[in-house]
Amino acid sequence: LEYIYFNAISMNDLDFNNSVFLYAGQNKTGIKVEIGKDAKKIPSYLFTSYNNDASSSPKITSLIFEENGSCESIGDGAFKDCTQLLNVEIANTVKKIGNSSFSSCLNIVSIKIPNSVTEIGAFAFQNCPSLINIEISSNVVSIGTNAFFGCSKLVEVYNLSALDITKGSSANGYIGNYALNIYTQE
């Protein structure tokens, strides 16, 4: 398995111990996941590991969204423990990034939060130790508890929102805790 095209118009969230894509792509160079234009949401725990065992996670290396899509939310834990995930391009239709949606994705380096996003859930990017920089768009009004806790290399934050993000602070999900530089729109 090297490619997953997810285009479900409607799908219920899964529970934490789902087994849809367990071990997928483990014998190959990785899986590219594309979210189709008709998918309204990425269900909770769709691509997560089983019982917090990261070794069972699908070997997803890339996540992209088809152009002119309609995806509005990334469910809780949707990509939790996808340790090989490198490239994430969040669509400009996504409004909510769910709790723990990308937590423990050990190899993500950079993420740009598009203007459509208003909410980043609790623990959304927790323990993403390779994350170096992030851009928070102007429409983000809420960053959940510990959303960036454990992102010890997150040294550059581009804050275009009205949120008060300060160096060394645990407020706003620890986003400024490790920051060397916080840039704002002035």
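Keep in mind that this is a model prediction, so the values were computed, not measured. We count residues from 1, following the sequence as given.
At least one donor-acceptor pair under 3.5 Å links the side chain of Ser116 to the backbone N or O of Val94. Within the 3.5 Å criterion, the main-chain N or O of Ser44 finds no donor-acceptor partner in the side chain of Asp76. At distances below 3.5 Å, at least one donor-acceptor pair connects side-chain atoms of Ser70 with backbone N or O atoms of Lys37. Side-chain N or O atoms of Asn99 include one that pairs as donor or acceptor with a backbone N or O of Ala122 at under 3.5 Å. Panel note: side chain Lys95, backbone Glu119; no donor-acceptor pair is recorded below 3.5 Å.
Minimum interatomic distance between Cys71 and Lys41 (heavy atoms only, all atoms of both residues): SG-CA, 3.8 Å. The minimum heavy-atom distance between Gln84 and Asn107, with the atom names listed, is CA-ND2, 4.0 Å. Between Asn127 and Cys151, the shortest heavy-atom contact is N-SG, 4.4 Å. When every heavy atom of Lys59 is checked against every heavy atom of Gln26, the shortest pair comes out as N-NE2, 4.1 Å.
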Do Phe65 and Ile42 pass the side chain to side chain contact (heavy atoms under 4.5 Å, CB included) test, and can you show the C-alpha distance, the side-chain angles, and the key distance before you say yes or no?
CA-CA 11 Å; Phe65 291 77; Ile42 301 171; 4.0 Å; yes
Test log, rule side chain to side chain contact (heavy atoms under 4.5 Å, CB included), inputs Phe102 and Leu131:
CA-CA 11 Å; Phe102 293 96; Leu131 185 60; over 6 Å; no
Quick one, Glu156 with Ile132, criterion side chain to side chain contact (heavy atoms under 4.5 Å, CB included). Give me CA distance, side-chain angles, the key distance, then yes/no.
CA-CA 6 Å; Glu156 292 198 342; Ile132 295 170; 5.6 Å; no
Can you list the steps and then say if Val20 with Leu46 is a side chain to side chain contact (heavy atoms under 4.5 Å, CB included)?
CA-CA 7 Å; Val20 176; Leu46 183 61; 4.3 Å; yes
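Taking OH from Tyr178 and OG from Ser170, the interatomic distance works out to 10.0 Å, rounded to the nearest 0.5 Å. We find the CG-CD1 distance between Leu163 and Ile175 to be 8.5 Å, quoted to the nearest 0.5 Å.
Within 6.0 Å of CG on Asn68 lie no more than 12 heavy atoms contributed by other residues, nucleotides or ligands. Atom CG of Asn181 has more than 12 neighbouring heavy atoms from other residues, nucleotides or ligands inside a 6.0 Å radius.
A donor-acceptor pair shorter than 3.5 Å cannot be found between the side chains of Tyr174 and Gln126. Checked by atom type, the side-chain pair Thr48/Asp81 shows no donor-acceptor distance below 3.5 Å.
With sequence neighbours excluded, no residue forms a salt bridge (Lys or Arg N to Asp or Glu O under 4.0 Å) with Asp164.
Ring-centre distance between Tyr183 and Tyr158: below the 6.0 Å cut-off.
Phe47 and Phe21 have parallel rings, their planes meeting at less than 30° on a 0 to 90° scale where 60° marks the start of perpendicular.
Side-chain contact between Leu63 and Leu85 is present, with heavy atoms from C-beta onward closer than 4.5 Å.
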